[in-house]
Every structure is written in C-alpha cells, then in structure tokens.
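See below for the structure under consideration.
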Amino acid sequence: LGASPDAPSAHLRGRFAVEEELRSSGLPWVIVRAGMLLGPGSVGFEVLLRGVRRRVIPLPRWTEIPMQPFALSDLLDLLERAGREPAFVGRTIDVGTAERTSYGELLRRAAKAMGFDPVWVNVPFDLGPAMGLALSLEGDVPLSEGVALSQSLVTSPLAVEDCGAAMRD
C-alpha cells in the first residue's frame, strides 16, 4: 500500500513504477497492493514474533498507525481468483480487512498469547536508520530490504480506503 509516483520512500516509488510498466505492457493485468500479511514468511510478522520475546519493547510513533492485517489464506484466495476471474482484469486491489488495528496492538496481543509480559516503552520519535537495521536482523532479510520496509512503515498508509471491500468482492 502507498505506492505512488510521489511516495516519500524510494521503495514505494519503485513499486509504482512497476505498476506503470504492467499497465502499459498491453497484457491483461491485476495489481495487488498489500499491507501487513499475518503469516509465516512475512517480514513484518516474523519481526513481530521475535520482538515480543524481548523484556523491553520500544513503541515508536509509527506503531500506532492504523492498519488492516490479513491472513495468508485470504491473499492466496485473492491471487488464485484474480488469475481466473475476468472481473479482476484491469483493477488495482488494495488488500486489507474490515478490522482496523495497529502494529503496537498486534505486538501486545502476540505477547499476551505467547505468555510474555514485556515492558512497553513509548518512544516519541522515529528510530531512523536503526529501525532498518533492526528489521533486517529481526526479519532475517538483507539490510536493503529492512531499510525499505522501515521507510514504508513510517511513510505510507497501512489501511485500505474501502475496508477490504475490493478484496472480499
């Protein structure tokens, strides 16, 4: 989510450039813009699972941005249907659910479900470059991917305008 020609992060501007290439290719296309995937393999989800094991968890401002996380099974269903149903051709689908929460709330829920009771520390500023490094280490991804993800988290919308209606349709 958040891909546009004037997005504040290079990562999201690059994603928009790919969308433009698809649109102008002459081939049938469907663009799927996703927020936070809740499931194994998702960097954000893996960071969440590893992060709740800490004794102290910093909560920068961006952790309270509204988001609509979705399950891997919902995304797979959408992708399978998009490949065979003509109604998807030429559409951009923003993936999300009707429920709005925040990354901070997901951290709190995960900690409780896993039996952890960390100290939560509200941080009144963004963690800047350190956040990209932390995401890289916690998510077990290359540093460039961690930096791109951190820039996207603090600069782009994580909630879909239609509360997931396009995905459900």
Side-chain angles (χ1 to χ4, degrees), residues 1-4 6-16 18 32-79 93-168:
L1 295 176
S4 73
D6 57 349
S9 80
H11 175 68
L12 293 172
R13 289 190 302 274
R15 285 187 172 199
F16 186 78
V18 170
V32 177
R33 291 181 176 167
M36 180 166 178
L37 170 64
L38 287 180
S42 159
V43 173
F45 185 67
E46 297 297 333
V47 168
L48 181 137
L49 291 180
R50 291 180 180 137
V52 297
R53 291 176 168 83
R54 295 188 178 145
R55 293 179 188 255
V56 177
I57 299 178
L59 295 173
R61 290 182 300 210
W62 67 265
T63 61
E64 294 311 316
I65 295 171
M67 61 176 7
Q68 295 152 300
F70 54 92
L72 178 59
S73 59
D74 293 333
L75 178 62
L76 293 175
D77 179 60
L78 168 69
L79 293 172
I93 308 294
D94 291 339
V95 181
T97 63
E99 180 188 359
R100 284 186 181 239
T101 188
S102 69
Y103 198 79
E105 180 57 28
L106 289 175
L107 281 166
R108 290 179 194 92
R109 288 183 195 174
K112 183 176 181 181
M114 295 169 71
F116 296 112
D117 189 23
V119 174
W120 305 97
V121 178
N122 290 320
V123 179
F125 52 85
D126 293 323
L127 301 175
M131 188 171 127
L133 178 60
L135 288 174
S136 174
L137 295 172
E138 291 288 324
D140 194 27
V141 296
L143 180 59
S144 60
E145 193 173 325
V147 169
L149 179 61
S150 71
Q151 290 173 347
S152 298
L153 283 171
V154 301
T155 62
S156 67
L158 299 172
V160 298
E161 299 286 329
D162 66 0
C163 293
M167 187 171 131
R168 289 189 303 278

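For reference, positions follow the sequence shown, starting with 1. All of these numbers come straight from a predicted model, not from anything done at the bench.
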Side-chain donor or acceptor of Tyr103 paired with backbone N/O of Leu59 under 3.5 Å: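 Judged by distance alone, no pair lies under 3.5 Å.
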
[X] to [Y] - nearest heavy-atom pair and separation:
| X | Y | value |
| --- | --- | --- |
| Arg61 | Pro124 | NH1-O, 3.5 Å |
| Trp120 | Ala111 | CZ2-CB, 3.9 Å |
| Ile57 | Pro118 | CD1-CG, 3.6 Å |
| Ser4 | Asp6 | OG-OD1, 2.9 Å |
| Val52 | Met114 | CG2-SD, 3.6 Å |

Salt bridge (charged side-chain N to carboxylate O under 4.0 Å, His left out) between Lys112 and Glu105, intermediate numbers included: CA-CA 11 Å; Lys112 183 176 181 181; Glu105 180 57 28; over 6 Å; no

Spacing of [X] atom [atom1] and [Y] atom [atom2] [to the nearest 0.5 Å]:
| X | Y | atom1 | atom2 | result |
| --- | --- | --- | --- | --- |
| Ile93 | Leu79 | CD1 | CG | 10.5 Å |
| Gln68 | Thr101 | CD | OG1 | 10.0 Å |
| Leu37 | Glu46 | CG | CD | 10.0 Å |
| Arg100 | Met67 | CZ | CE | 11.5 Å |
| Leu106 | Leu38 | CG | CG | 6.0 Å |

side-chain hydrogen bond (donor to acceptor under 3.5 Å, both in side chains) partners of Arg53, counting only residues at least two apart: none

Side chain to side chain contact (heavy atoms under 4.5 Å, CB included) involving Leu76 - partner list, sequence neighbours excluded: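 Leu72.
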
Residues in side chain to side chain contact (heavy atoms under 4.5 Å, CB included) contact with Ala34, at least two apart in sequence or another chain: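 Per chain and number, Ala34 pairs via side chain to side chain contact (heavy atoms under 4.5 Å, CB included) with Phe70, Val95.
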
Any Leu12 side-chain heavy atom under 4.5 Å of Phe16 side chain: no

